[in-house]
Amino acid sequence: MLNLRTCAAKLRPLTASQTVKTISQHRPAAPRTFQQIRCYSAPVAAEPFLSGTSSNYVEEMYYAWLENPKSVHKSWDIFFRNANAGAAPGTAYQSPPPLSTSLSTLSQAQFLVQAQPNVDKLVEDHLAVQSLIRAYQVRGHHIAKLDPLGISCVNFDDAPVTVSPNVDLAVFKERLRVLTVGGFYGLDESDLDKVFHLPTTTFIGGNESALPLREIIRRLEMAYCQHIGVEFMFINDLEQCQWIRQKFETPGIMQFTNEEKRTLLARLVRSTRFEEFLHRKWSSEKRFGLEGCEVLIPALKTIIDKSSEKGVDYVIMGMPHRGRLNVLANVIRKELEQIFCQFDSKLEAADEGSGDVKYHLGMYHRRINRVTDRNITLSLVANPSHLEAADPVVQGKTKAEQFYCGDTEGKKVMSILLHGDAAFAGQGIVYETFHLSDLPSYTTHGTVHVVVNNQIGFTTDPRMARSSPYPTDVARVVNAPIFHVNADDPEAVVYVCNVAAEWRSTFHKDVVVDLVCYRRNGHNEMDEPMFTQPLMYKQIRKQKPVLQKYAELLISQGVVNQLEYEEEIAKYDKICEEAHARSKDEKILHIKHWLDSPWPGFFTLDGQPRSMTCPSTGLNEEDLTHIGQVASSVPVEDFTIHGGLSRILKTRGEMVKNRSVDWALAEYMAFGSLLKEGIHIRLSGQDVERGTFSHRHHVLHDQNVDKRTCIPMNHLWPNQAPYTVCNSSLSEYGVLGFELGFAMASPNALVLWEAQFGDFHNTAQCIIDQFICPGQAKWVRQNGIVLLLPHGMEGMGPEHSSARPERFLQMCNDDPDVFPKLDDFDVRQLYDCNWIVVNCSTPANFFHVLRRQILLPFRKPLIIFTPKSLLRHPEARSSFDDMLPGTHFLRIIPDGGPAAQSPEQVKRVLFCTGKVYYDLTRERKARQMEADVAITRVEQLSPFPFDLLQREAQKYPAAELVWCQEEHKNQGYYDYVKPRLRTTINRAKPVWYAGREPAAAPATGNKKTHLTELQRLLDTAFDLDAFKDLA
Ligand SMILES: Cc1ncc(C[n+]2csc(CCOP(=O)(O)OP(=O)(O)O)c2C)c(N)n1
Ligand SMILES: [Mg+2]
C-alpha cells in the first residue's frame, strides 16, 4: 500500500502524457505495471481505449480499484480483474452490466454507461468530465458571484456571468465556455443526463460514486460558483488540496444551526449599530468606518472562536484604519467609554509623549471567550499611518510570544493580519512578510489574513492600483489558499472564516480571506466619493445594508422574528448610550490604557522604572575567561570545522590567554554574560551567523556532515537562557519590523538586528521613522531593540560606506541649544531620550553598551555604528581590565596621553567618534604633536554627553575646538555635534570642522581619491593655522 501511495503521489501531479512517458522511462522492458507487488500483467497497452491522454484517468481508476474494487464502476472492476488475471489484449474489457436499482434516483438518465457502445467515447467522456471538474476547481472562482455590487473589479478575460445553478443548456454552454476557455472537452448537451463516475479528486458525490453530468455540474456550481470563490489549485500539496476540496465540495457542508444564525445576526447588529452610533454622535469626525464591510466583525470573531476551540489562547492582530474602532469595541472589547472619550478634544493627556490618533492605538485584553468558555488574550498592535508597516511587527511579536511560552508549533499563539485591498496589493512589505512565513526562525506557524476588499483605495480604482486580477495574488507565492467571499452573504463569510481557522490549525500555514465588499462612504466620513467613482456610488446608494438583508432572511426563515431583531438592536444601542454617558466623566486621556504589550513586573504599578540607576556593566575575570574559552573552541565531539576557522578560533584562544579581546570576542562576552543572567538573545539579519565580514562565526558547520551545526554560545552555562542567531531573508523592512515586534514582547531579551552594511537600513526606513524613533512618544511603548549598522569610509565606494548617522542624529529629541538641568546624566538622560546612538571605538565599550542595554531599568532603542576594518585592526583591542567589575560604558574617552598631562599647553582639541580616531592618533604620532593636540572620542552621540564634554572643553582653556570626521560635511555628525558642543561652552568659542567637503554621495568610488581626501582631512586636523583666517 505504501508503495502504491508513493507511486501514486509521484504520478498524480503530472499530465497524462508526462505520466506515460515517466512510466515508460522507469520501467521500459516490463509489461505495463502500476506497482510492483500487485501488478496486472496483461499487455493492456494494446487496449484500444488506452491512449496517452486516457492513461491518467485509467490509473486513477486503477488505484481506486486496488484500494476498494467496489469504489469503481462495475465495468472497470471486471476490466481490472480480467487484466490482472492475464487476459489477452483486447479481451479484458467487457461491456458493463446494467446499473442496479440503487441508482434509481438517477432514473431519468437517458444514456447510461452500459448503453454506450463505443468504448473510446466512454473513456473520452469520462476524461472530459474529469477535466470539467478540474476546471471548476481551478477556475470556478472566476465566475463566482463575489461582488455585492455586481460590478466586479476582477478582470479576467471573461466577465462573470450570473446564472442560477439549475443546469439548463445555457448555463452549461456558458460555463463550459468560461471554464474551459472555449473548449468543450468533447461534451455536448446530449451528455447532460449520462452518468459518469467521479474521480477521487472530488467530493461532490458525497456517498455516491457516479452522477449524471447535469448533477455534477449543479454540485460544482454550488461548491465553486456561488458566493465563495476558492483559489487553491496552485497549491502543490495533494493532501492540502484534498482537504480544501472536501471543505467546499461535500454536499450540504455549509449548514448553520438556528443558534449559529442568531449569533451571527447579533454580531452584525453590534458591528452595524456601533458605526451608526458614532455617526449619530460625531457626524463630522473621521473614524474610517466599516460601513459596507460590517461582516468583518463576525468574520474576526469566528476566526478567534474557532482558533480558541483548537487550543489557541493568545491572538495578536494587526490592522489598518478601516473599522479599527469597531474591532476594538466588538472584537477586543475595549470599554466603549474609553473609545468614545477619545472623540472629546478637551481631554488632557496624562502620559508622556505626543500620543496618537484613536484609530492607530493598540490594545491588550485578556478575557473569557464566550463561545468556547476558554481564556483568550487579544492584542491589537499599535500602528502608524503607513499601511502594512505593522505586518512584520505583528509577526515578530507573535513569534516572541510563541517562543516565550514554548509554543514551538503555533498551537497556542497566533496572528491575524487585516489588510485593505489597495495596500495589500501595493505595498512590498506584504511580500516581504509572506516570505518570512515559512522560515524556521521567523515562522509564526500560519497567519490568517483578512482583506477588507472594498474595491477601492482612497479614490483609486483597482484597475489603476494593481496588475493582478485579485488584490490577494501576492499570497500565492507561499501557497496560501485564498477564499474570496461575497461580504453581503454573512453565512458564506463565517463559513470561510471557520475553514481558514481550521486550515491554520491543521497545516500551520498562511491563509487569506478576501472579503469582497464596498465602502459605503468616502475614504473617510468627510470625503465625497462621487467626485471620482460616480457610478459605483450610485450603485452603493441603492445597496441594502447587509444587516437588513440578513435580518430579513432570518425572519423569512422563521429563525428570529421582527420583535426579537428590534430588541437586539435596542439592547446594543442602550449599551452605547450608557457608555457614552459614562465617557463624559473621563477628563484625562491615559494613553497607557492603550498599551499593546504590557511588561508585567518590569515597571512599578504606575508604569515607572523600578530604579533610576544602572549597575556596573563589568564582568568578573572567570566569566570573561570562560566565555572566551568557549568562543575559541568546538564544544561538541567529532565535529570537524574548516581549517581557516580553526585558525580564527586559535587566535581567539591566544587573545583570551593574553587577557585581550577584539570586536567579535567583546560581543561574545556581552552576549554570553547576559545569557548567564537569563536574558534571551536573538541576533537576526542577513548572514549574521558568520558575520558579513567573516568575524563572528557563531554557528559552526561540520565539514563532513551536511547541515550539522553547532552554536557554542548555547554551551556556555548549565541553566543559561537560549541564544538565537539567525540568517534572515534578504529583506530589511520586513526583518527589522519583525525584530522590533520580537523585542516588544519582553524587556528581558536582547534583540539585535544587524544590517549587512549600514546603508541598507534605508530600505527599512519606515520601521525606523514610524516605530523605533517615535514609538514611545506615540504609544508609550518602550522597546530595547539594538541596530548594528556597519559604517565607515574604507574606500569602498558610495554604497556600503555610510550608515547615515546624520539621519539618526537629526531625529534625536534633545534640544541642541539647552544644557540639560540634570543631576544624573548617566541614566536620567538616557531615560529622557527617544533613542541612544553610539559609535564605539573600543571592543570594551561595545561590550559595555550591549550589557548596559539590559541592565538599565527601562528600555530604549540603541543604534550602534559598528566598524568594518576595525574588526581586525591590531590597535582596536581591549584588555580584560577594561571589562572587569566596576568598569562601565564610557560616554566619552578623553585623551590620556601627554596632552592630558599638560592641558594648558594644548593648542587644539580634536573631537571625533569612531574609526577616524585611529587615523588621527597615527597622524599625530607621525607629526610628533602629542602634546599639542588632544583627541577626545565621543562614544555616545545621543543623548549628547553635555556634562563630560563641558569638562573636557574646560580642561584645555587655550585650545581651539575642532570636530573631525571622515564623513562629508553635510553628513556624519557635524551638524548634530556643533551646536551642542557650543552649548557646553556657552558659545564662547567657535567649533571648527576638519573633514570632507559637502557632497551628494556618501563616498568616492575611487580608492586613490579616497586616500587623498583622508590625507587632506588629516592635514587640516593637524594644521594649527588652518582656521586662523576664519577666526
Ligand atoms: C504607505 C502608505 N501610503 C499611502 C497612504 C495613504 N492612504 C491612506 S488610506 C489609503 C487607501 C487605502 O486603500 P485600501 O488599502 O484599499 O484600504 P481602504 O481605505 O479602502 O479600506 C491611502 C492611499 C498610507 N496611509 N500609507
Ligand atoms: Mg480599499
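Along the sequence shown, residues carry numbers from 1. Note that this is a predicted model, so its numbers are computed, not measured. Whatever order the structure lists them in is the order used to number ligands and atoms, beginning at 1.
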Query raised in the report: Under 3.5 Å, is there a donor-acceptor pair linking the side chains of W779 and D356?
Result: yes
Query raised in the report: Is the centre of the F277 ring less than 6.0 Å from the centre of the F340 ring?
Result: yes
Report task. Please determine, by modelled atom types, if S437 and K509 share a side-chain donor-acceptor pair under 3.5 angstrom. Result -> no
Report task. Quick one: closest heavy-atom pair of M464 and T460, and the distance? Result -> CB-CG2, 3.7 Å
**Report entry** N, O or S atom of I456 closer to the Mg ion (ligand 2) than 2.8 Å
**Finding:** yes
Query - Close aromatic pair by centroid cut-off 6.0 Å: H435 and Y442 - result: no
Report summary line: The atom name of the N, O or S atom in D421 nearest to the Mg ion (ligand 2) is OD1
Requested in this report: Indicate whether any N or O donor in one side chain lies under 3.5 Å from an N or O acceptor in the other, for R476 and Y470.
Outcome: no
Query raised in the report: For the residue pair Y495 and F248, is the inter-centroid distance of their aromatic rings smaller than 6.0 Å?
Result: yes
Query raised in the report: Of the backbone and side-chain N, O or S atoms of N454, does one lie nearer to the Mg ion (ligand 2) than 2.8 Å?
Result: yes
Pairs of nitrogen or oxygen atoms, one from ligand 1 and one from the protein, closer than 3.5 Å: please tabulate them with distances.
residue: ligand 1; atom: 15 (O); partner: A422; partner atom: N; Å: 3.4
residue: ligand 1; atom: 15 (O); partner: A423; partner atom: N; Å: 2.9
residue: ligand 1; atom: 16 (O); partner: D421; partner atom: N; Å: 3.4
residue: ligand 1; atom: 16 (O); partner: D421; partner atom: OD1; Å: 2.5
residue: ligand 1; atom: 16 (O); partner: A422; partner atom: N; Å: 2.9
residue: ligand 1; atom: 16 (O); partner: I456; partner atom: O; Å: 3.0
residue: ligand 1; atom: 19 (O); partner: H321; partner atom: NE2; Å: 3.0
residue: ligand 1; atom: 19 (O); partner: R322; partner atom: NH2; Å: 2.8
residue: ligand 1; atom: 20 (O); partner: N454; partner atom: OD1; Å: 3.0
residue: ligand 1; atom: 20 (O); partner: N454; partner atom: ND2; Å: 3.0
residue: ligand 1; atom: 20 (O); partner: I456; partner atom: O; Å: 3.0
residue: ligand 1; atom: 21 (O); partner: R322; partner atom: NE; Å: 2.8
residue: ligand 1; atom: 21 (O); partner: N454; partner atom: ND2; Å: 3.3
residue: ligand 1; atom: 25 (N); partner: S385; partner atom: O; Å: 2.9
residue: ligand 1; atom: 25 (N); partner: S385; partner atom: OG; Å: 3.4
residue: ligand 1; atom: 26 (N); partner: L387; partner atom: N; Å: 3.1

